[in-house]
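Below: one structure, written as structure tokens.
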Amino acid sequence: MRRTLLLLVTLFSLLHIAAQTPDAKMKTFVAGLMSKMTLDEKIGQLNLVTPGWGVPTGSVVSKGVEDNIRKGRVGGLFGIFGPDKVRQAQTLAMNESRLKIPLIFGLDVIHGHKTIFPIPLGLSCSWDTALIERSARIAATEASADGLCWVFSPMVDIARDARWGRIAEGSGEDPYLGSKIARAMVKGYQGTDLTKDNTVMACVKHFALYGAAESGRDYNTTDMSRIRMYNEYLPPYKAAVDAGVGSVMSSFNEIDGIPATGNRWLLTNLLRTQWGFKGFVVSDYTSVNEMIAHGMGDLQAVSAQALNAGLDMDMVGEGFLTTLQKSLKAGTVTTKQIDDACRRILEAKYRLGLFDDPFRYVNDTRPGKEILTAENRQAAREIAARSMVLLKNDRQVLPLKKSGTIALIGPLANNHTEMLGTWAVSGDNTKSITIQQGIQNVSGNSVSIVYAKGANITDDSAFAKRISPFAKPTEIDARHPDDMIHEAIDVAAKADAVVVVVGEAAEMSGESASRTDLDLPGSQRKLVEALIKTGKPLVVVLLNGRPLALPWLQEGASAILEAWFAGTEAGNAIADVLFGNYNPSGKLTTSFPRNVGQVPIYYNHKNTGRPFEGGDPKFKSDYLDVVNEPLYPFGYGLSYSSFSYDTVLLSETTLRPGQSITASVTVTNKGDVAGEETVQLYIRDMVGSVTRPLKELKGFKKIMLKAHEAVKVDFSITENELKFYNSDLKYAAEPGDFKVFIGTNSRDVKEAAFRLVK
Ligand code: NOJ
């Protein structure tokens with residue numbers, strides 16, 4: 001009788017589980033597992049370690065990792081990849097830990113795993129969200145083939161300060177475009193089903209406002225009004241959350257005087273209560289411990305503060321692991337808080353399908369078939385070409401002819417080491433294509449190349465060491481710099497066209513790579529100035545991870561191609577653009593200043609009460625020594641075609657709630673070759689309850705136009721495009737006058753006006 005009853009109860013609960021929604025099933029499973037866990041094991045799940053078997057991305061590595069895995073004191077690992085290493089660690093957890101809870105494996109897959117795409121700032125210049133999603137999809141396939149199920153990307157920090165090296169890792173200065181890109185990347189990584197073996201969990205970072213570090217110095221203080229946060233800095237993080245991102249990484253900086261990692265308003269009120277985020281929050285590398293240096297207390301105090309704030313996982317610092325038990329006893333944290341954090345991490349593992357198969361992402365045959373394939377490399381080449389921005393092209397020096405002699409000059413012209421850019425931790429430099437190789441590949445035997453290095457990246461040995469943190473210092477040639485320049489001039493004299501490739505070393509941007517000088521390093525500037533003096537048409541290819549301030553180059557060079565760090569296929573893609581196999585279409589997503597004194601500089605700024613609009617500049621908001629405008633504005637980029645814009649036409653001049661206005665413009669390709677143009681729509685709210693920016697991007701369309709073709713482009717404007725957060729942080733559109741601008745960049749626009757009536 002009792003046995004029958006027991007059987008019936010079991011059957012009933014099995015049927016109950018079977019009838020549950022996937023979410024409820026997960027909850028039941030995780031609750032069941034947690035009921036078996038000790039406090040120590042629960043805290044163990046909150047511990048993320050890096051064993052130092054891979055590429056360092058911080059200054060300390062975890063100790064005693066294997067032993068801790070055995071004891072159930074590790075939730076996940078990062079910084080290692082490859083089926084062998086991942087299997088080794090997962091086997092330890094599955095065979096030797098008491099509850100056999102699988103580990104989660106993460107990595108900084110930022111712009112590709114092994115097939116490296118352009119740095120994110122470059123990618124954003126494509127203004128092509130489908131293309132960016134594709135790059136993330138390929139990265140996810142390669143990463144998952146290499147044993148990983150979690151990537152520390154996308155980085156969506158809005159950045160307006162070129163001094164900050166990490167501007168390279170994001171999508172520039174605009175919240176609207178940044179939000180679209182954030183969504184595309186989350187979709188690309190996570191797909192629609194996280195349990196598939198070729199999708200990975202994304203981690204949006206760095207939450208929040210990390211890009212607003214004072215004076216562009218990395219890790220520095222940020223301080224801004226709530227209204228600025230909501231309107232200008234938070235939208236891309238929110239877009240990632242709305243797109244279903246599985247995890248969020250807290251940032252190093254403070255917000256309102258409280259480090260993000262221990263900021264309850266940020267991690268709980270905003271992220272969970274207001275935005276409804278359901279995943280887990282991981283700290284940045286030792287950012288819990290760094291709260292000690294911020295002045296928030298000792299390790300036990302800051303760890304308790306972080307847990308209280310809503311942090312779930314502690315990266316590397318082991319503050320949770322070593323102090324939470326004590327804090328529980330002292331009553332500064334609760335069991336519920338530990339349980340909540342543990343549950344969120346176990347739920348992430350469940351969503352990844354790790355409880356069904358802990359070795360789901362471990363497959364020895366996949367790397368050989370799915371990583372760095374010819375197809376992936378081809379995609380990288382196409383994507384890289386689309387991320388480049390043509391900044392100048394006097395008298396159509398570009399595209400180059402596929403004949404005669406080309407002088408190829410510069411420290412970055414034939415340099416495998418610097419092609420991938422920052423944050424390519426699993427990329428292999430030796431697999432990259434240099435510009436010299438690319439030019440050879442694209443021009444075949446029809447062009448003869450004469451080469452000279454011309455200059456060192458830098459002549460300063462101390463600086464060379466600083467910019468090569470992971471390798472031997474950037475090479476400094478034994479020759480005297482003047483001799484190298486003379487050789488370059490001799491080589492240039494022999495050629496029909498001169499291409500000089502200059503810029504930054506890969507690690508001159510990225511983490512802990514802030515600069516106060518936005519010029520080329522002196523050695524390279526001297527070289528380029530000497531080449532300008534020869535009077536020969538000079539094509540400059542720039543490789544850099546931030547906007548540089550180069551008015552003298554704009555003056556002296558015949559053509560300038562901003563190629564960023566374009567990744568594994570850099571050389572081929574650059575050659576595709578130089579020879580016109582691909583007609584450049586990239587547009588800047590970050591303003592290029594004229595000098596460092598203009599920074600921070602961004603197009604969507606306010607008017608002030610004393611704007612300088614011509615006339616007598618005294619008592620106006622301007623500089624004595626330089627104009628206010630950037631050298632190249634947001635949205636700027638040329639093509640081998642040229643596009644003209646007709647007048648902006650509006651379907652109505654009054655907009656009512658629930659209705660829409662169509663803004664149209666006819667764009668004509670006046671050139672003789674087909675080309676792509678990104679048509680940009682900006683809006684200005686003329687009068688508001690709070691001051692409003694001079695322009696805000698509210699739409700864009702990338703169109704392909706045949707030679708001499710004209711196309712009408714329509715944008716729909718609804719009340720949604722007019723909404724903003726007011727001083728009560730209420731998101732609404734206010735009735736009144738608006739201007740619409742449509743154009744080829746944020747500066748060169750045609751305008752029309754309408755009124756919102758409510
Ligand atoms: C520190 C960086 O800020 C973050 O972007 C990265 O994901 C972690 N280190 C892990 O390497």
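Atoms within a ligand are numbered from 1 in the order they appear, just like the ligands themselves.
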Results of side-chain contact (heavy atoms from CB on, under 4.5 Å) for P154 - residues two or more places apart only: V156, M185, V186, Y189, A202, V204
Partners meeting side-chain contact (heavy atoms from CB on, under 4.5 Å) with N231 (sequence neighbours left out): I227, F724, Y725
Y361 and F105 aromatic centres sub-6.0 Å: no
With sequence neighbours excluded, residues passing salt bridge (charged side-chain N to carboxylate O under 4.0 Å, His left out) with K196: none
Distances under 3.5 Å, N/O of ligand 1 against N/O of the protein: list each pair and its distance.
from     : atom 1 : to   : atom 2 : distance (Å)
ligand 1 : 3 (O)  : R166 : NH1    : 2.7
ligand 1 : 3 (O)  : R166 : NH2    : 3.4
ligand 1 : 3 (O)  : H206 : NE2    : 3.4
ligand 1 : 3 (O)  : D284 : OD1    : 3.4
ligand 1 : 3 (O)  : D284 : OD2    : 2.5
ligand 1 : 5 (O)  : R166 : NH2    : 2.9
ligand 1 : 5 (O)  : K205 : NZ     : 2.8
ligand 1 : 5 (O)  : H206 : NE2    : 2.6
ligand 1 : 7 (O)  : D108 : OD1    : 2.5
ligand 1 : 7 (O)  : K205 : NZ     : 3.1
ligand 1 : 9 (N)  : D284 : OD1    : 3.3
ligand 1 : 11 (O) : T57  : OG1    : 2.5
ligand 1 : 11 (O) : D108 : OD2    : 2.4

Parallel, tilted or perpendicular: ring planes of W150 versus F280, cut at 30 and 60 degrees: tilted
Geometric class of the Y219/Y210 ring pair [parallel <30°, tilted 30-60°, perpendicular >60°]: parallel
